[in-house]
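The shown structure was predicted, so the numbers you read here are calculated from the model rather than taken from an experiment. We number each residue from 1, following the sequence as shown. Computed from heavy atoms alone, side chains included, the values below leave out hydrogens, waters and symmetry copies.
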Amino acid sequence: MAPARHGLSKSLRLLAPRDFAAVMKHGLRSRDEYFSIAARPNGLGHARLGLAISRRAAAAAVTRNRLKRQVRESFRHMRNGLASVDLVVMAQPAAAHAPGEQLRASLNRHWERITKQCKESSFH
């Protein structure tokens, strides 16, 4: 029996550089001490996630991978409540040393803020 896959399918990820660039250039922003998130409507009926965790934010690969796992897991739990947007998540240097609970709380605040911004603006 094969183990269950819990990864994000390709349809839920931003893959093309042009998609990342469009979100970064034209997206709404949400930022705190741990993460900076850009969001842009995609018209697909579901949210997609892109990760841009740089070496500047976390020098060690193991730390960058930990941050990516935290973001993906939070997105997986919240994606059904998110608007139809493309998201690009970037880590701030403080995220590298923060405990998982603080990272999850930060991401939950971002998801709520982005959803609220989408509803209040002519964004959708």
query: So, for Q92 and S36, which heavy atoms are closest and what is the spacing to 0.1 Å?
result: NE2-CB, 3.3 Å
- prompt: What are the two closest non-hydrogen atoms of A58 and T63, and how far apart are they?
  reply: CB-CG2, 3.7 Å
task: Flag the pair I37 / W111 as yes when at least one side-chain heavy-atom distance between them is below 4.5 Å, and no otherwise.
output: yes
query: Rounded to the nearest 0.5 Å, how far apart are CD1 of I114 and CZ of R29?
result: 10.5 Å
message: Could you work out, with side-chain contact (heavy atoms from CB on, under 4.5 Å) as the rule, every residue matching A21, not counting sequence neighbours?
response: none
field: Pairs meeting criterion side-chain hydrogen bond (donor to acceptor under 3.5 Å, both in side chains) with involvement of residues 53-62, two or more places apart
entry: none
Pairs involving residues 80-98, ordered by first then second residue, that meet salt bridge (charged side-chain N to carboxylate O under 4.0 Å, His left out) (sequence neighbours left out): R48-D86
field: Pairs meeting criterion salt bridge (charged side-chain N to carboxylate O under 4.0 Å, His left out) with involvement of residues 62-72, two or more places apart
entry: none
- prompt: How does the hydrophobic cluster around F20 look, that is, which other residues are in it when side-chain heavy atoms under 4.5 Å mark a link?
  reply: L14, V23, M24, V88, M90
- line: Hits for side chain to side chain donor-acceptor pair (under 3.5 Å) against T115, two or more places apart or cross-chain, chain-then-number order -> none
L107 side chain near V71 side chain, heavy-atom distance below 4.5 Å: yes
- request: Can you sort out the partners of R109 under side-chain contact (heavy atoms from CB on, under 4.5 Å), two or more places apart, ordered by chain and number?
  value: D32, A105, S106, R113
statement: For Q102, the side-chain contact (heavy atoms from CB on, under 4.5 Å) test, sequence neighbours excluded, returns Y34, A98, P99
task: List in chain and number order the residues that pass side chain to side chain donor-acceptor pair (under 3.5 Å) with H46, two or more places apart in sequence or in another chain; answer none if no residue qualifies.
output: none
Heavy-atom closest pair, residues F75 and L87: CE1-CD1, 3.9 Å
message: If you apply the rule side chain to side chain contact (heavy atoms under 4.5 Å, CB included), what do you find for R104 with Q70, and how did you get there?
response: CA-CA 7 Å; R104 285 188 294 278; Q70 292 282 342; 3.1 Å; yes
Rounded distance (nearest 0.5 Å) linking atom CZ of R76 with atom CE of M78: 14.0 Å
field: Residues which pass side-chain contact (heavy atoms from CB on, under 4.5 Å) with A91, listed by chain and number, not counting sequence neighbours
entry: F35, I53, A57, L67, A95
task: Using the test side chain to side chain donor-acceptor pair (under 3.5 Å), find all partners of N108 that sit at least two apart in sequence or belong to another chain.
output: none
- request: Sequence neighbours left out, what passes side chain to side chain donor-acceptor pair (under 3.5 Å) with D19? Give chain and number order.
  value: none
message: I need the L82 CG to E112 CD distance, nearest 0.5 Å.
response: 10.0 Å
message: For residues L103 and L8: do they belong to one hydrophobic cluster (side chain heavy atoms under 4.5 Å, members Ile, Leu, Val, Met, Phe, Trp, Tyr)?
response: yes
field: From CG (N42) to OG (S84), nearest 0.5 Å
entry: 3.5 Å
- request: May I ask you to check whether over 12 heavy atoms, not counting those of R31, lie within 6.0 Å of atom CZ?
  value: no
task: Write down the atom of A83, the atom of A47, and the distance for their closest heavy-atom approach.
output: O-CB, 3.6 Å
